[in-house]
Amino acid sequence: MRILGESREQTGSVVTIIRAQETDIPALSNLCADTFRETFSYDNTEEELQAFFDEAYNHDVLKRELDNDESETYLAYVDDVLAGYLKVNWGGAQTERKLENAFEVQRIYVLKAYQGYGVGRALFDKAMRIAESGDFAWAWLGVWEKNYKAQHFYKRYGFEKFGEHKFIVTPEKVDIDWLLKKSLG
């Protein structure tokens with residue numbers, strides 16, 4: 001007997017990205033909390049995280065974000081299961097105004113169970129297509145100073161450090177985000 005192929009073959013999962021709508025807020029709120037918890041629970045209690053979620057990811061906040069004409073949120077699905085999300089801003093919706101005519105990639109978060117499926121890359125590509133279709137001079141984002149993998153990823157795509165800011169989950173716990181930019185001109 002001669003076997004010519006693999007007995008088991010991994011085929012790529014399908015990543016689908018759709019713009020979030022108001023009806024998506026409950027799922028988006030849970031996804032925001034779950035991905036943030038997976039990322040930051042190493043150094044924060046569940047009570048600290050819950051207080052942050054209650055303020056940052058509640059229905060009213062997410063509705064305001066979805067209703068803002070200078071902001072867009074996208075949901076990523078892997079084989080029809082919610083796996084991650086993207087939030088982008090420009091103009092007055094940006095969290096900081098350090099660059100003229102800039103486009104902010106505020107959040108790219110992927111559930112750990114779906115990391116390695118191309119979700120983060122698909123969301124990043126979506127953000128860059130949106131940025132490049134506008135008349136923006138810069139794309140920028142913040143990345144945690146200790147997230148070396150993300151820093152390396154963004155540097156490979158032409159982003160460079162241009163500043164820092166504090167990221168506060170609780171008044172007692174302050175982290176530093178690196179601000180990275182890329183010229184779109």
Side-chain angles (χ1 to χ4, degrees), residues 17-78 81-98 102-117 119-120 122-124 126-127 139-151 153-154 159 161-181:
I17 299 173
I18 63 166
R19 185 152 178 208
Q21 305 296 317
E22 186 173 352
T23 56
D24 296 315
I25 289 176
L28 176 60
S29 179
N30 289 334
L31 180 63
C32 290
D34 290 346
T35 55
F36 195 87
R37 181 180 288 110
E38 287 179 349
T39 305
F40 295 103
S41 65
Y42 74 94
D43 194 33
N44 296 282
T45 67
E46 183 58 31
E47 294 77 26
E48 291 167 335
L49 292 170
Q50 192 61 52
F52 181 81
F53 303 153
D54 291 346
E55 182 179 328
Y57 299 137
N58 68 59
H59 184 276
D60 293 339
V61 168
L62 294 174
K63 181 164 180 6
R64 275 193 309 275
E65 290 179 353
L66 292 178
D67 289 344
N68 190 321
D69 290 338
E70 295 179 315
S71 182
E72 294 177 358
T73 300
Y74 292 87
L75 304 174
Y77 292 85
V78 172
V81 178
L82 189 57
Y85 74 105
L86 162 70
K87 183 171 184 302
V88 296
N89 307 307
W90 57 91
Q94 293 177 84
T95 57
E96 298 183 38
R97 301 288 304 264
K98 295 186 175 191
F103 177 89
E104 175 188 16
V105 180
Q106 184 182 351
R107 298 182 199 130
I108 295 179
Y109 280 100
V110 177
L111 289 167
K112 283 189 179 182
Y114 293 97
Q115 292 175 2
Y117 286 76
V119 178
L123 290 168
F124 172 75
K126 175 71 172 175
W140 74 275
L141 53 87
V143 62
W144 182 40
E145 68 179 337
K146 294 180 183 173
N147 189 343
Y148 308 114
K149 184 176 177 183
Q151 290 169 20
F153 175 85
Y154 293 122
F159 283 81
K161 183 179 176 185
F162 74 100
E164 297 180 349
H165 70 191
K166 293 180 182 179
F167 181 78
I168 301 170
V169 176
T170 69
E172 298 80 29
K173 294 191 177 147
V174 178
D175 285 319
I176 302 295
D177 279 351
W178 285 11
L179 301 180
L180 305 178
K181 69 179 180 178

Can you check whether [Y]'s main-chain N or O pairs, donor with acceptor, with [X]'s side chain at less than 3.5 Å?
X	Y	value
E38	K112	yes
D67	R64	no
S29	I25	no

Output all residues satisfying side chain to side chain donor-acceptor pair (under 3.5 Å) with [X], sequence neighbours left out; order by chain, then residue number.
X	result
N89	S71, K87, E104, Q106
N68	none
E55	none
D60	none

In Å, rounded to the nearest 0.5 Å, how long is the span from [atom1] of [X] to [atom2] of [Y]?
X	Y	atom1	atom2	value
D34	Y109	CG	OH	13.0 Å
K63	N58	NZ	CG	12.5 Å
L123	I17	CG	CD1	4.5 Å
I108	F153	CD1	CZ	7.0 Å
L66	L28	CG	CG	6.5 Å
L82	N30	CG	CG	9.5 Å

Taking all non-hydrogen atoms of both residues into account, name the closest pair between [X] and [Y] and its distance.
X	Y	value
V119	A76	CG1-CB, 3.7 Å
A20	L75	CB-CG, 4.0 Å
C32	L62	SG-CD2, 4.5 Å

Residues in side chain to side chain contact (heavy atoms under 4.5 Å, CB included) with [X], at least two apart?
X	value
S41	R37, L49
V81	Y114
E48	N44, T45, T170, K173
K161	E164, W178, L180

Looking at F52 versus F40, is the centre-to-centre ring distance below 6.0 Å?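 No, ring centres 6.0 Å or more apart.
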D69 atom CG, neighbour heavy-atom count above 12 within 6.0 Å: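 Count not over threshold, so no.
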Parallel, tilted or perpendicular: which describes the rings of F167 and F36, with under 30° parallel and over 60° perpendicular?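 Ring orientation, 0 to 90° scale: tilted.
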Could you pull out every donor-acceptor pair under 3.5 Å between side chains of residues 140-150 and any protein atom, sequence neighbours left out?
residue : atom : partner : partner atom : Å
W140    : NE1  : Q94     : OE1          : 2.8
N147    : OD1  : A150    : N            : 3.1

Taking only residues two or more places apart in sequence or in another chain, which ones pass ring-ring contact (aromatic ring centres under 6.0 Å, His included) with Y77?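 Y77 satisfies ring-ring contact (aromatic ring centres under 6.0 Å, His included) with no residue once adjacent residues are dropped.
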By ring-ring contact (aromatic ring centres under 6.0 Å, His included) - contacts of F162 (at least two apart):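 For F162, no residue satisfies ring-ring contact (aromatic ring centres under 6.0 Å, His included) once neighbours in sequence are set aside.
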K98: which residues meet the salt bridge (Lys or Arg N to Asp or Glu O under 4.0 Å) condition with it, sequence neighbours left out?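 So K98 forms a salt bridge (Lys or Arg N to Asp or Glu O under 4.0 Å) with E96.
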Is a salt bridge present between R107 and E65, judged by a nitrogen-to-oxygen distance below 4.0 Å?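 Salt bridge between R107 and E65, a charged N being under 4.0 Å from a carboxylate O: yes.
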